[in-house]
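One is the number of the first residue; the rest follow in order along the sequence.
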Amino acid sequence: MTDISVNKKVIVEPLANKFVPYRPIFEPYNEAAHTCLQKIIDNLAGIPISAVSKAKYQLAIGSFLAAAQSANTSDDGVITWPQHKSNWGHYSIGHQIITKVRKKLEEADFIWLVEGSGKRIFEERDKDSTERAEFVDMPSMYHIDEQLEYLDGFSDSEWIETSRPPIMVAKYEEDWQRHWRKANGIGSPKCNVTTLKAMGKPYSNAVVQINALQRLWRQHPLQLPVYEDRTARYSCSVTRTFHRGKLDAGGRMYGSWTMLNQRNDKARLRCSIDGEYVAHIDIAASQPTLFSSLLGIRINCGDKWTDAYKSVLTQIPYFYDKETDDTRRNKVKSIIMEMIGTGNCLKEMPSEANDYSWDAEQGEWLKYQEAVLAVFPALYKLHRATGMDGAGFLSFHESEMLIKTIENLAAQGIAAYPMHDCILIAGSKRNIGVEVFQATVKDYILTHCRDNNRDGDIDLTVPLTVELRGREKEYVGGYYS
């Protein structure tokens with residue numbers, strides 16, 4: 001009997017930490033990368049010479065070299081390279097060129113398929129069974145031939161991400177579908193390009209907007225943290241991802257820097273723009289602050305403050321003698337994130353994924369919840385079914401504020417990169433960044449309240465935190481006018 005879990009374990013798990021996905025998004029950044037790319041093109045037969053086709057093949061082949069260089073940093077590193085055309089519909093060069101390049105690389109012995117990968121394996125069952133057969137799709141994985149290491153420029157090549165799909169839209173899912181998918185570790189299904197184009201002008205406008213940002217960033221690319229024994233990598237590309245099958249839900253922007261480990265490693269603070277380490281400018285208690293303000297409802301923490309979560313803590317007793325204020329603040333944040341993430345402000349208990357211990361006998365969770373709602377009464381308006389939650393209403397407006405902030409800074413010749421509710425900006429420009437960020441958010445909220453006839457016109461200068469590598473975090477106060 002074929003045991004699919006055993007097959008997957010034998011083939012996939014030994015290489016699980018050595019996967020490098022192939023994505024056609026990289027271009028050469030330095031002279032060594034240009035040299036390396038031309039050398040491998042010279043070794044592949046049948047590469048077109050027309051300008052348009054050649055550029056597409058260069059993107060496809062250069063992206064292979066970038067992936068191979070990353071995989072080469074570990075012993076037995078492999079590239080995952082899906083073969084089905086549906087994997088490539090959102091990219092700029094399409095599945096036919098990607099498939100041709102893969103085959104040419106195989107023919108030239110630069111790569112070869114990992115045995116047992118790239119197959120759908122079914123679990124054996126009785127021939128008379130009417131139950132659906134269980135199966136697993138083994139990812140197509142490729143070993144890299146060592147001849148690449150001797151290619152001129154390979155070890156010293158620097159690559160830049162330029163060509164992420166600008167817009168993705170996750171399909172609408174019922175709650176049960178989303179819960180099942182997450183429980184099985186499956187990514188959210190995305191609308192295909194045909195569906196996106198059928199959205200008409202709103203979709204094309206969204207693409208134009210992201211492409212305009214990427215043209216600015218290309219002049220001031222973000223250098224990612226440089227790790228030992230690796231060359232520098234750069235990025236000037238994002239994907240803006242919407243939710244629920246529409247273009248006014250979600251909309252956060254994702255690039256390679258958004259995946260960096262900030263909690264333990266502070267990796268984003270080791271990114272740089274134009275040779276300067278970045279400053280990380282963040283709206284303090286951003287999600288409940290922005291949600292409240294967009295609905296025209298004030299926060300109950302006075303007219304001036306730096307950290308609204310402290311107003312929550314003043315109403316909550318200590319449940320554990322040795323619990324630090326940082327831990328208590330993080331508990332406040334965790335309960336707010338659960339409220340906004342689920343669209344339910346009256347959750348009776350924490351989720352299994354919650355990182356903290358809660359004293360059930362003393363009703364700790366519910367007492368925190370009560371204090372949170374006293375400071376942020378707007379959270380009573382959360383309702384997932386109508387889109388009033390984190391993945392819908394809030395993240396859409398949050399991302400719109402960031403785009404406008406980045407555009408306003410660009411008008412002054414300053415590059416800034418998005419990080420959900422934060423911006424990354426060259427350290428020496430951080431004071432201008434603070435000024436423009438606060439002014440842009442203030443204007444956006446006030447305009448939104450007036451345009452949507454909210455009960456109150458919220459004239460708010462949001463509190464910010466500013467982090468810079470090697471320095472203490474700075475706090476910039478917020479206030480109502």
Interatomic spacing from [atom1] in [X] to [atom2] in [Y] - rounded to 0.5 Å:
X: Leu346; Y: Leu382; atom1: CG; atom2: CG; value: 9.5 Å
X: Glu467; Y: Leu424; atom1: CD; atom2: CG; value: 11.0 Å
X: Ser395; Y: Asp389; atom1: OG; atom2: CG; value: 7.5 Å
X: Glu106; Y: Arg102; atom1: CD; atom2: CZ; value: 5.5 Å
X: Thr73; Y: Arg230; atom1: OG1; atom2: CZ; value: 4.0 Å
X: Met253; Y: Ile167; atom1: CE; atom2: CD1; value: 9.5 Å

Will you find, in the side chains of [X] and [Y], an N or O donor that is under 3.5 Å from an N or O acceptor?
X: Glu338; Y: Ser351; result: yes
X: Thr231; Y: Glu158; result: no
X: His179; Y: Asp175; result: no
X: Arg233; Y: Ser256; result: no
X: Gln38; Y: Asp42; result: yes

Does any part of the side chain of [Y], heavy atoms only, come nearer than 4.5 Å to the side chain of [X], both counted from C-beta?
X: Val441; Y: Leu290; answer: yes
X: Leu196; Y: Val207; answer: no
X: Ser63; Y: Arg23; answer: no
X: Met168; Y: Tyr254; answer: no
X: Tyr417; Y: Ile406; answer: no
X: Arg471; Y: Val466; answer: no
X: Phe19; Y: Val78; answer: yes
X: Leu44; Y: Tyr57; answer: no

Under 30°, 30 to 60°, or over 60°: which ring-plane class applies to Trp88 and Tyr91, parallel, tilted or perpendicular?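 Correct class here is tilted.
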Return the orientation label for the Trp81 and Tyr22 ring planes: parallel under 30°, perpendicular over 60°, tilted otherwise.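 The rings of Trp81 and Tyr22 lie parallel, inter-plane angle below 30°.
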Check this for me: [X], atom [atom1], are more than 12 non-hydrogen atoms of other residues, nucleotides or ligands nearer than 6.0 Å?
X: Lys404; atom1: NZ; answer: no
X: Lys347; atom1: NZ; answer: yes
X: Lys104; atom1: NZ; answer: yes
X: Gln412; atom1: CD; answer: yes

Show the numbers, then the answer: is there a salt bridge (Lys or Arg N to Asp or Glu O under 4.0 Å) between Lys103 and Glu107? CA-CA 6 Å; Lys103 290 181 177 179; Glu107 290 166 1; over 6 Å; no
Where is the tightest heavy-atom contact between [X] and [Y], given as atom of each residue plus distance?
X: Leu37; Y: Gly62; answer: CD1-N, 3.6 Å
X: Pro24; Y: Ile93; answer: CB-CD1, 3.5 Å
X: Trp159; Y: Ala66; answer: CG-CB, 3.7 Å
X: Val238; Y: Gln214; answer: N-OE1, 2.8 Å
X: Pro21; Y: Thr80; answer: CA-OG1, 3.2 Å
X: Glu27; Y: Leu59; answer: CG-CD1, 3.8 Å

Using atom types as modelled and distance alone, determine if a side-chain donor or acceptor of [X] lies under 3.5 Å from a backbone N or O of [Y].
X: Asn354; Y: Met349; answer: no
X: Ser117; Y: Val114; answer: yes
X: Gln147; Y: Asp109; answer: yes
X: Lys331; Y: Ser357; answer: yes
X: Glu149; Y: Phe154; answer: no
X: Thr440; Y: Phe437; answer: no
X: Asn72; Y: Ala68; answer: no
X: Gln83; Y: Gly118; answer: no
X: Arg270; Y: Ala267; answer: no
X: Thr99; Y: Gln96; answer: no

Tell me if the aromatic rings of His220 and Tyr234 count as close, with their centers under 6.0 Å from one another.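 Centroid separation for His220 and Tyr234: 6.0 Å or greater.
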Derivation and outcome, side-chain contact (heavy atoms from CB on, under 4.5 Å), residues His90 and Val193: CA-CA 6 Å; His90 292 91; Val193 173; 3.9 Å; yes
Please report the C-alpha distance between Ile25 and Ser237 in whole Å, then the side-chain angles of each, then the deciding distance to 0.1 Å, and finally whether the side-chain contact (heavy atoms from CB on, under 4.5 Å) criterion is met. CA-CA 9 Å; Ile25 61 175; Ser237 183; over 6 Å; no
Quick one: do Thr405 and Asn408 satisfy side-chain hydrogen bond (donor to acceptor under 3.5 Å, both in side chains)? Show the steps, please. CA-CA 5 Å; Thr405 299; Asn408 290 339; 5.8 Å; no
Please assess Val278 against Arg469 for the test side-chain contact (heavy atoms from CB on, under 4.5 Å), listing each intermediate value before the final yes or no. CA-CA 8 Å; Val278 299; Arg469 181 174 169 81; over 6 Å; no
Go through the steps for Glu398 and Ile283 under the test side-chain contact (heavy atoms from CB on, under 4.5 Å), then give the verdict. CA-CA 10 Å; Glu398 172 194 85; Ile283 300 175; over 6 Å; no
Under the side-chain hydrogen bond (donor to acceptor under 3.5 Å, both in side chains) test, which residues partner Ser428, sequence neighbours left out?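 Glu276.
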Cationic N near anionic O, under 4.0 Å, Glu400 to Arg240: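 Yes.
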